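Note sheet for the following structure.
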Amino acid sequence: MAGKGRGMTGGRPAQPRDAPVLLLVDDDPRTRGFVEGELRKRYGADYQVTGAGSAQEALRLLAALRDDGHQVALVLADYRIAGTTGTELLGRVREFDRTAKRVLLIDWADRAPEPIVQAIGLGRIDAYVVRPTTVPDEPFHRAVTEMLEELARARPPWFQVVRVVGESWSARSHEIRDLLSRNVIPSGFYPADSDEGRALLDQVGAATAAPPVIILFNGSVLENPSNIEIAEALGIRTRPGSGRYDLAVIGAGPAGLAAAVYGASEGLSTMVLEPEAIGGQAGTSSRIRNYLGFPNGVSGEDLAVRAYTQAWNFGAQYVYGSPATGLRAEGADRVVTLADGSEARSRAVVIATGMSYRRLGIPSLEALTGIGVFYGAATAEAMAMRDREVFVVGGANSAGQAAVHLAGYAARVTMLVRGPSLADSMSEYLVTQIAGTANIAVRHGVEVVGGTGTGRLESLTIRDRMSGATETVPAAALFVLIGAEPRTQWLPGGIVRDRWGYVVTGTELLSGGRPPAGWALERPPMLLESSLPGVFAAGDIRRGSVKRVASAVGEGSIAIRLVHDYLRGG
Ligand SMILES: Cc1cc2nc3c(=O)[nH]c(=O)nc-3n(C[C@H](O)[C@H](O)[C@H](O)COP(=O)(O)OP(=O)(O)OC[C@H]3O[C@@H](n4cnc5c(N)ncnc54)[C@H](O)[C@@H]3O)c2cc1C
């Protein structure tokens, strides 16, 4: 197959020789022929479509493609294959190609039985799709196209808006690449000590420049620039306008983006300030599976770009680069100060600066985030953990709750706790519950130091903190609950926060029915309103909020309704 050239083969249009492969695995020649034909008709110009009649043939083909250095874009496997299952086969695809998308082909009657749900949760397959039945079958093609689009986004683009020439292991080079990728700016990286990197530097007359060197699509060259310099060179606004906005949204995570969409679409002149990347925490998630309307999940990056574009289409103005460092009231105006000294003046503010989960910071495990390594509550993934070996890192209530919840599904839950006891950090009722749950084991005095997996988590390395001895254990999932911090340090003391730093809003601000000191209005604070009138908090930053994408989006949109009430003098 890899050797086929252009021209006609067996009456079919020839397929491009070096194009990525779409592999269909089905042991029924009749149905395989039909689906293969459908794939070839739609994708044959850009992909090599090929079929395999058994799991063994598919594995042989995948090995040959890997050995030829050929890219596999998509493997579609029938749910039922003689001698194995489509799920088992797809679970092995990443041994041959680390980025190939894996889609299970099912019949209508098979819709989402438990093994499929479990396979998605464990990252063994990316999606399932109902076998095409009509011609053309657009829902089938939409599922295939979505997978191919996701793949194209993850692979180096043909057109690079930005080319970065830098040292491979420099933290600054990594930071620039990370920010470009999270802000979805097509870019390429060229190691400064590679032939390509040197040639590029020569070409733009920057052979002696200090890396990293940024080369833009329009020929501009920046030597070791700051993030703001890169943004400015790309024509991105980095300072607020000098006039007064109706609404300033601080933070462009899900809550901020929702506030921007609703604010701008409802006629408010809206500014959104973001110092890092659109999408916030959600933007770092490889697949969000519990957001309404995306049955196969959606990458955080995709969701963020969609929301960003939507807000932009309604006229929201983005300001990128400097974080907010202060907020004050000047009469009816609310003034946000930025780290670069500039100010944004507005009639109302939605604070949506979210929070950050403490991360393990272990590169091998960071690479498996979302595919076996999970940050935060375990509810969404619990079903997929049925009969699996699951680990929870952390010794506080959130870790205890996750362990108890997961124990209802997993074969065994092992809690990995650094300290000598749970009693110091966890509520007694949870300690008792854990002790009384047969399939929860608690290991004290240990920490996770590494992990492995091809396409998903497969093993963890655990170290005994006293002896230093390490051991490697098989693991299907690791839930990390080692704390989170709201990003509220920049807020003035006048905005009431709880002892963990979350912004207190609405009736929670009342004490004995009375508003907090300094509250100058007759009415009490509105839902989501902070102790400074006209300043609202939405999403993870708010005390009592549900730490979810959907709830952040919900709060961001509700905040706009309250902003209208406030601006009308409510
Ligand atoms: C790895 C990972 C995976 C997740 N997966 C899921 C999932 O599958 N499903 C789900 O429902 N939830 C998931 N979550 C939780 C979800 O992402 C969050 O609940 C959600 O992103 C909260 O949105 P937010 O807008 O309130 O805050 P954030 O997403 O935290 O966004 C806050 C934004 O504010 C910006 N900011 C911070 N400080 C400042 C400042 N001083 N000035 C200006 N801007 C600032 C930040 O750069 C950031 O962009 C996941 C979280 C993580 C970390």
Side-chain angles (χ1 to χ4, degrees), residues 120-121 179 182-183 227 240 248-261 271-292 294 297-301 303-304 307-308 318-327 336-340 344 349-360 365-381 384 478-492 501-503 528 536-543 545-557 559:
I120 293 179
L179 284 176
R182 285 170 59 204
N183 281 294
N227 295 347
V249 178
I250 314 302
L257 288 169
V261 166
M271 180 212 75
V272 190
L273 177 67
E274 174 55 54
E276 293 168 21
I278 53 167
Q281 296 168 66
T284 67
S285 173
S286 55
R287 187 162 291 271
I288 296 165
R289 294 185 40 233
N290 58 352
Y291 190 61
L292 191 74
F294 293 89
V298 57
S299 77
E301 188 184 287
L303 191 64
Y308 166 88
Y318 282 90
V319 177
Y320 173 81
S322 296
T325 52
L327 170 61
V336 176
T337 46
L338 277 61
D340 66 359
V349 173
V350 173
I351 309 168
T353 48
M355 63 175 201
S356 39
Y357 279 100
R358 271 187 215 118
R359 313 278 294 200
L360 284 172
L365 291 174
E366 290 295 320
L368 294 166
T369 301
I371 45 176
V373 177
F374 303 100
Y375 285 87
T379 336
E381 303 301 330
L478 175 71
F479 292 86
V480 185
L481 295 113
I482 51 176
E485 285 170 344
R487 300 178 74 173
T488 50
Q489 300 80 353
W490 63 279
L491 287 170
Y502 292 96
V503 177
L528 306 189
F536 299 82
D540 280 11
I541 198 182
R542 200 179 64 77
R543 176 185 163 82
S545 64
V546 180
K547 309 300 185 259
R548 287 280 177 276
V549 175
S551 47
V553 167
E555 289 193 7
S557 57

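Just so you know, these numbers come straight off a predicted model, no measurement behind them. Every number for a ligand or one of its atoms is a count from 1 in the order of the listing.
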List the steps and the verdict of side chain to side chain contact (heavy atoms under 4.5 Å, CB included) for Gln281 and Lys547.
CA-CA 11 Å; Gln281 296 168 66; Lys547 309 300 185 259; over 6 Å; no
Just do the side chain to side chain contact (heavy atoms under 4.5 Å, CB included) check on Arg359 and Thr369 with the steps written out, would you?
CA-CA 10 Å; Arg359 313 278 294 200; Thr369 301; 3.7 Å; yes
pair Leu360-Leu478: side-chain heavy atoms closer than 4.5 Å
yes
Are any of the heavy atoms in Ser356 under 4.0 Å away from ligand 1?
no
How far apart are the C-alpha atoms of Thr353 and Leu491, what are their side-chain angles, what is the distance that settles it, and do they pass the side chain to side chain contact (heavy atoms under 4.5 Å, CB included) test?
CA-CA 10 Å; Thr353 48; Leu491 287 170; 5.8 Å; no
Can you list the ligand 1 atoms lying under 4.0 Å from a non-hydrogen atom of Ala277?
49 (O)
Classify the contact between Arg548 and ligand 1 as side chain, backbone, both or neither, using a heavy-atom distance cut-off of under 4.0 Å.
both
Does the pair Leu327 and Trp490 meet the rule for a side chain to side chain contact (heavy atoms under 4.5 Å, CB included), with working shown?
CA-CA 8 Å; Leu327 170 61; Trp490 63 279; 4.2 Å; yes
Do any nitrogen or oxygen atoms of Ala324 come within less than 3.5 Å of a nitrogen or oxygen of ligand 1?
yes
Minimal heavy-atom distance between Asn290 and Arg548, with the atoms involved, is ND2-CD, 3.5 Å
What I want to know is whether Pro323 and ligand 1 share at least one N or O pair that is separated by under 3.5 angstrom.
no
A student checking ligand 1 against Asn290 at a 4.0 Å heavy-atom cut-off should list atoms 7 (C), 8 (O), 9 (N), 10 (C), 11 (O)
Do any nitrogen or oxygen atoms of Thr369 lie less than 3.5 angstrom from nitrogen or oxygen atoms of ligand 1?
no
Please confirm whether Pro254 comes within less than 3.5 Å of ligand 1 when only nitrogen or oxygen atoms on both sides are compared.
yes
Counting both backbone and side chain atoms, is some N or O of Ala282 under 3.5 Å from an N or O of ligand 1?
yes
Applying a heavy-atom cut-off of 4.0 Å, say which part of Thr353 lies close to ligand 1: side chain, backbone, both or neither.
both
Against heavy atoms of Pro275, which atoms of ligand 1 measure under 4.0 Å?
43 (C), 44 (N), 45 (C)
Does ligand 1 have an atom under 4.0 Å from some heavy atom of Tyr375?
no
Tell me, please: is Ile250 in heavy-atom contact with ligand 1, that is, under 4.0 Å?
yes
Which heavy atom of Glu366 sits nearest to which heavy atom of Tyr375, and what is that distance?
OE2-OH, 2.8 Å
Over 60° means perpendicular and under 30° means parallel, so classify the ring planes of Tyr308 and Tyr318, tilted if in between.
tilted
Side chain, backbone, both or neither: which part of Ser551 comes within less than 4.0 Å of ligand 1 when only heavy atoms are counted?
neither
If we only consider heavy atoms of Arg359, is any one of them less than 4.0 Å away from an atom in ligand 1?
yes
Closest non-hydrogen atom pair between Val319 and Met271, with its separation:
CG2-CG, 3.7 Å
